[in-house]
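Read the structure below first, then the notes.
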There are 2 protein chains.
Amino acid sequence: MSKDVVKSVGRVFSVLELFKTHQKPLTATEVCNYLDYPKSSADALLKSLVILGYLTLDINTTKYFSSLRVTKLGDWLPELFGASSYALQMVDHIHKALGETVTLSMPNDIHMQFITVITGTFPISLSFQQGTKLPLFTTGIGIAQLATRTDEQIAKALKRGNRRAASAQDRVNLDELMVDIESTRAKGYCEAFNRLVPDTGAIAMALPGPSSESQLVVAVGGPIDRIKKTEDKIIQEMRQAIRSYRSS
Amino acid sequence: MSKDVVKSVGRVFSVLELFKTHQKPLTATEVCNYLDYPKSSADALLKSLVILGYLTLDINTTKYFSSLRVTKLGDWLPELFGASSYALQMVDHIHKALGETVTLSMPNDIHMQFITVITGTFPISLSFQQGTKLPLFTTGIGIAQLATRTDEQIAKALKRGNRRAASAQDRVNLDELMVDIESTRAKGYCEAFNRLVPDTGAIAMALPGPSSESQLVVAVGGPIDRIKKTEDKIIQEMRQAIRSYRSS
DNA sequence: AATAATAATTCATCTATATGAATTTGTAAA
DNA sequence: TTTACAAATTCATATAGATGAATTATTATT
């Protein structure tokens with residue numbers, strides 16, 4: 001866990017993700033063991049979550065579980081992103097049509113963060129954990145997202161991003177970035193080869209959405225040769241799926 | 001906020017509920033002002049949530065917002081409770097048919113906790129905040145829930161509950177409780193008049209679900225005279241709605 | 001009823017977080 | 001370019017949380 005995260009804040013989400021992973025009630029001891037917390041610390045946290053109503057405690061089994069109030073924390077969101085349940089169906093459809101890794105991601109600070117990752121069915125497939133973050137300014141999905149914004153917004157965003165760069169070599173050149181942006185705008189998608197992970201390629205398209213700063217990005221990725229070979233088919237499938245998505 | 005809740009844990013949910021209430025991006029200063037937090041404390045919390053991926057920070061507007069990962073924390077739950085989107089439609093349908101306050105609740109420790117509250121359309125209507133908790137052993141919704149469990153489970157649960165009672169007068173007598181339980185089982189619903197709030201009444205029914213300790217309860221409540229007068233119609237509407245719900 | 005094992009709670013102490021004032025940085029307007 | 005204002009960050013200190021050992025309570029078995 002990042003050193004900059006408040007400890008008990010991180011633990012809140014670890015607990016909620018644990019129940020999402022197991023999908024069954026767990027005792028306090030089980031939670032302790034899975035998450036490797038000291039007993040009394042975990043107890044205080046679990047009791048807080050029960051008092052607040054986000055976890056339930058069954059009085060017969062003395063097991064904890066997520067409450068439906070956790071569902072309500074986030075069930076209003078997809079509609080605001082123009083990401084109805086059709087969005088997940090669309091990602092699934094692209095995955096079935098192509099067999100490659102398909103991702104859905106959103107911008108977060110100077111990163112793109114994965115919301116959904118469906119790993120390819122080929123033995124050799126690109127693989128990411130959900131929640132993974134990739135750089136906003138140097139990846140295909142980031143460029144596809146930025147391309148939905150104005151030149152001015154991009155310049156301002158890059159200026160801020162470069163200010164936070166750890167070293168001069170981490171800084172991105174605006175003119176070089178704009179070449180990729182223009183290319184993406186012209187084609188309607190961003191193709192990225194050998195950008196972050198060697199020998200891999202990805203095609204990324206932004207989904208239509210209510211505002212440019214929240215637009216989601218869908219991408220297809222895999223080994224560079226396979227992606228290049230099937231590029232035309234990938235683009236066709238993605239466009240068709242997004243077109244169907246838009247009219248839902 | 002309860003004294004027994006870890007402070008920053010409570011704040012996590014305050015922030016997420018704030019975004020649910022406003023449904024638009026907010027600056028750090030706005031979050032501070034709405035929640036009355038010291039500036040640097042709020043900053044540390046917001047940054048933690050961004051790093052963990054549950055909030056997003058837009059690099060152009062420098063505004064925070066909930067991430068779709070919040071949705072994913074809880075979108076798997078309704079299916080496990082047998083509470084598909086039809087459950088909310090059912091609650092809404094009962095509300096439209098009767099015009100009274102309708103609630104959906106779930107057991108949590110020695111309470112029933114409201115998940116959904118739709119306030120009646122009459123000028124005089126029963127009104128609760130979402131997230132409100134009522135006693136498990138002494139309210140109509142609690143008794144309706146307990147009636148789905150075995151006698152042994154009820155006795156055990158009451159023993160634990162009584163052990164935690166602050167005073168002897170807060171303890172519930174098992175034999176008296178079982179009279180209400182048997183009545184509820186015989187009729188298929190619990191009718192409660194003047195139990196918690198004076199001059200109010202409620203009819204409560206448990207929804208079918210995968211296990212008794214997680215069964216949700218739907219209830220119709222309002223001023224005692226109006227509920228008594230329309231009791232037969234309420235029971236009919238609820239049964240019909242639950243029957244339709246079961247086959248969805 | 002007694003006993004053993006497990007779970008839950010308590011408490012002293014150490015570590016982490018929260019706070020608010022001061023300082024620095026960023027932005028917008030002149 | 002300069003200035004004023006707002007936002008963000010820093011830091012010393014106070015408060016809260018985490019920890020782990022010890023103790024108490026609960027449960028299951030004999």
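Both backbone and side-chain heavy atoms feed into the values below; hydrogens, waters and symmetry mates do not. Here is the naming used below: chain letters follow the sequence lines, and residue numbers restart at 1 for every chain. Quick caveat: nothing in here was measured; it's all calculated off a predicted structure.
Pairs passing the ring pair (Phe, Tyr, Trp, His ring centres under 6.0 Å) check and including a residue from residues 173-196 of chain A, sequence neighbours excluded, do not occur.
When distances run from any side-chain atom of A:Ser8 to the nucleotides D:dT26, C:dA18, D:dA18, the shortest one goes to D:dA18.
For the pair A:Arg11 and C:dA16, the criterion of a side-chain N or O lying under 4.0 Å from OP1 or OP2 is not met. In terms of phosphate contacts, B:Arg163 brings no side-chain nitrogen or oxygen within less than 4.0 Å of OP1 or OP2 of D:dA25. For B:Arg160 and D:dT27, the shortest distance from a side-chain N or O to OP1 or OP2 is below 4.0 Å.
With respect to A:Asp109 and B:Lys47, no salt bridge is recorded, no charged nitrogen being found less than 4.0 Å from a carboxylate O. Using a cutoff of 4.0 Å between basic side-chain nitrogens and carboxylate oxygens, A:Arg69 and B:Glu17 are scored as salt-bridged.
Take the nearest nucleotide of DNA chain D for A:Leu45 and for B:Lys156: the residue whose nucleotide is more 5' is A:Leu45. Residue whose closest nucleotide on DNA chain D sits further toward the 5' end, between A:Ala44 and B:Lys159: A:Ala44.
In this structure, B:Arg164 atom CZ and C:dA8 atom C1' are separated by 12 Å, rounded to whole Å. A:Asp36 places its CG atom 14 Å from the C1' atom of D:dG20, with the value rounded to the nearest Å. Atom CD1 in A:Ile59 sits about 13 Å away from atom P in D:dT26, given to the nearest Å. Following rounding to the nearest Å, A:Glu30 (CD) and C:dA8 (C1') show an atom-to-atom distance of 15 Å. Across the protein-nucleic acid pair, A:Lys7 atom NZ and D:dA16 atom P stand 18 Å apart, rounded to whole Å.
Taking the six-membered ring wherever Trp is involved, the centroid distance between the rings of A:Phe65 and B:Trp76 falls below 6.0 Å.
For A:Ala202, there are no side-chain contact (heavy atoms from CB on, under 4.5 Å) partners two or more places apart in sequence or in a different chain.
With hydrogens and angles disregarded, no donor-acceptor distance shorter than 3.5 Å links the side chain of B:Asp75 to the backbone of A:Asp75.
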**Asked** What string of B, S and - do you get for nucleotides 7-14 of chain D, 5' to 3', when a contact is any protein heavy atom under 4.0 Å?
**Response** -SBB----
**Asked** Does the side chain to side chain contact (heavy atoms under 4.5 Å, CB included) test come out yes or no for A:Tyr34 and A:Glu30, once each step is laid out?
**Response** CA-CA 6 Å; A:Tyr34 282 119; A:Glu30 287 170 321; 4.3 Å; yes
